[in-house]
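Contents: one structure, followed by commentary.
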Amino acid sequence: MKFLYIGLGGGMGAVCRYLVSGWFLRFGAGFPLGTLAVNILGSFVLGFFMELATQTLLVSPEARLLVAVGFLGSFTTFSTFAYETHQLLREGEWLFTFLNIVLSIGLGLTGVRLGEVLVRYLVR
């Protein structure tokens, strides 16, 4: 059942990401405004939802899987990055906060570049 909740939420999150990002394409500013909007909205919703889940009994474990893992995991993984980094800050883990930011962004960009280089190597 867990996988069903995650899969259902993930499918809805992917569709919503597509719709929200696409809506912002009409502004065509040459800046990835749709991705920025999805990341900010997803971060807000995850912060709200997880606080509600941890401070009240209103959110079942199944709803957590559906919304936090499935829907928001598919809608934007940036929200998870932002939430986890915020938790590190709240816990006073300054070194881990810094490492999470620098390594996630730095290694993420490096991964993109290495993927590009590999394709160029393989198709020449």
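Residue Met12 is grouped with residue Val67 when hydrophobic side chains (ILVMFWY) are merged at heavy-atom distances under 4.5 angstrom, including chains of intermediate members. Linking ILVMFWY side-chain heavy atoms closer than 4.5 Å, directly or via other members, places Ile105 and Leu107 in two distinct hydrophobic clusters. In terms of hydrophobic clustering, with Ile, Leu, Val, Met, Phe, Trp and Tyr side chains grouped at heavy-atom distances under 4.5 Å, Leu66 and Leu58 are assigned to a common cluster. Transitive grouping of hydrophobic side chains (ILVMFWY, heavy atoms separated by less than 4.5 Å) keeps Leu19 and Val45 in distinct clusters.
Here the CG-CZ distance, from Leu46 to Phe48, works out to 12.0 Å after rounding to the nearest 0.5 Å. Taking CZ from Phe3 and CG from Leu8, the interatomic distance works out to 15.0 Å, rounded to the nearest 0.5 Å. For the atom pair CG of Leu65 and CE of Met1, the computed distance is 10.5 Å after rounding to the nearest 0.5 Å. Here Leu72 contributes atom CG and Phe75 contributes atom CZ; the two are 7.5 Å apart, rounded to the nearest 0.5 Å. Going from atom CE of Met50 over to atom OG1 of Thr80 covers 9.5 Å, rounded to the nearest 0.5 Å.
Cluster note: Leu89 groups with Trp94 through ILVMFWY side-chain heavy atoms spaced under 4.5 Å, whether in direct contact or through intervening members.
Residues passing the side-chain contact (heavy atoms from CB on, under 4.5 Å) test with Val59, sequence neighbours excluded: Phe49, Leu52, Ala53, Ala63, Arg64. A search for side-chain contact (heavy atoms from CB on, under 4.5 Å) contacts involving Leu99 returns Leu95, Phe96, Leu103, not counting sequence neighbours. Remark: Phe78 pairs with Phe81 by the ring-ring contact (aromatic ring centres under 6.0 Å, His included) rule, at least two apart or across chains. With sequence neighbours excluded, the residues satisfying side-chain contact (heavy atoms from CB on, under 4.5 Å) with Glu62 are Tyr5, Ser60. Under the side-chain contact (heavy atoms from CB on, under 4.5 Å) criterion, Leu36 pairs with Phe31, Leu33, Ile40, not counting sequence neighbours.
Nearest heavy-atom pair across Arg17 and Ser74 is CD-O, 4.0 Å.
Atom OH of Tyr121 is surrounded by 12 or fewer heavy atoms from other residues, nucleotides or ligands within 6.0 Å.
Here side chain to side chain donor-acceptor pair (under 3.5 Å) pairs that include residues 18-43, with residues two or more places apart or in two chains, are Asn39-Thr76.
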Show me the donor-acceptor pairs within less than 3.5 Å that the side chains of residues 110-117 make with the rest of the protein, sequence neighbours left out.
residue, atom, partner, partner atom, Å
Thr110, OG1, Gly106, O, 2.8
Arg113, NH1, Glu116, OE1, 3.0

